[in-house]
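Every number for a ligand or one of its atoms is a count from 1 in the order of the listing. Atoms considered below: every heavy atom in the structure, side chains included; atoms not considered: hydrogens, waters and symmetry mates.
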Amino acid sequence: MRSITVPADASRLPVTLPRIAEKKRLGEPLVMVTAYDYPSALAVDKAGVDLVLVGDSGAMTVLGYPSTVAVTLDELMVLAKAVRRGLTTPFMVADLPFGSYEVSDAQAVETAFRFVKEAGADAVKLEGGGEVSVARARAIVQAGIPVMGHVGLTPQTSTALGGYRAQGRTAEAATEVARQALALQEAGCFSVVFEAIPSAVAETVMPKMDALVIGIGAGPSTDGQVLVFHDLLGIREGRGARFVQRYADILDEMVSGVAAYADDVRTKRYPGPDHGYSIPDEELAAFKASLSS
Ligand code: KIV
């Protein structure tokens, strides 16, 4: 049996930007995971992760949309508020959904303020490192809200990228990923996610990154890693992307738990005597008498 160390409560200080920067400086890997509701927030909080992302992947994992494109700002706000209620120490990042930041700097800042003021997010994340995303990141940072960028495979614009596939696999494409990461850093992003790019490309860019780099399918050289809660715990059908490591099979557990309950109800094994409430004999007798009179 593998022994797992969860940081002791005493060492669980709130994760702040200075603590994140210090961990990067010391080369201590940072752990980020997504969460979308109160119970998933409780779980990741108790497990002692450093950063929690209320990802727009929630569109697919908990809302059942076919992609992240359809989820609305109001829907993600509900998820973010629920996550906030379950977190104590991790640094909470909220994803800006597709269409909630691209139109103008003012739209981006307004959306970011909603996540901070209404949902208690510590930072927001936006996808892409092109001109528009960099301008929006800069505007949000200037308004006083920490921003995490996201380059490589950016699911909101996956159609334009040719689908859910690794990016940066030619010299030209890798140069573009690097250019975007550096532009987001220059715009003031405290962190950038590298998604689905060759490990060697990430490793080559890392020495240029003062911002925290969180990888997902970008190899071991990044400052930290992120995985989607439902992927790592197996709360989904199928294995998911190549970079997913599964640590549990919770969907199977959920199905067998509900199936066992259904079987118990159908075979009258549930509810049993221990699941009911009692009433004093004299009260029951009086009740029966009143019903029959
Ligand atoms: O929405 C999300 O879950 C993400 C992570 C994969 C980085 O953006």
Next on the checklist: One pair to check against ring pair (Phe, Tyr, Trp, His ring centres under 6.0 Å): H230 and Y36. What are the steps and the verdict?
Outcome noted: CA-CA 10 Å; H230 289 58; Y36 312 102; 5.4 Å; yes
Checklist entry - Just wondering, more than 12 heavy atoms not from E22 lying within 6.0 Å of its CD? => result yes
Next on the checklist: If we set the cut-off at 4.0 Å for heavy atoms, which region of D95 has an atom near ligand 1: side chain, backbone, both, or neither?
Outcome noted: side chain
Checklist entry - For atom 8 (O) of ligand 1, which protein heavy atom lies nearest, and how many Å away is it? => result K125 NZ, 2.9 Å
Checklist entry - Tell me, which protein residue and heavy-atom name are nearest atom 6 (C) of ligand 1, and how many Å apart are they? => result I216 CD1, 3.7 Å
Item to check | No-hydrogen, no-angle side-chain donor-acceptor test under 3.5 Å, T157 and T154 | outcome: yes
Next on the checklist: Taking 4.0 angstrom as the limit and counting only heavy atoms of H150, give me the atoms of ligand 1 inside it, by number and element.
Outcome noted: 7 (C), 8 (O)
Checklist entry - Any N or O of T34 that comes nearer than 3.5 Å to an N or O of ligand 1? => result no
Next on the checklist: Can you check which of V33, L53, L153 brings a heavy atom nearest to atom 7 (C) of ligand 1?
Outcome noted: L53
Checklist entry - Does F98 offer a backbone N or O that forms a donor-acceptor pair with the side chain of E127 under 3.5 Å? => result no
Checklist outcome for this item: among protein heavy atoms, the one nearest atom 2 (C) of ligand 1 is S57 OG, 3.2 Å
Checklist entry - How close do I216 and V193 get, heavy atom to heavy atom, and via which atoms? => result CG2-CG1, 3.9 Å
Checklist entry - Do E75 and T72 have a side chain donor and acceptor closer than 3.5 Å? => result yes
Next on the checklist: For V228, which part has a heavy atom under 4.0 Å from ligand 1: side chain, backbone, both, or neither?
Outcome noted: side chain
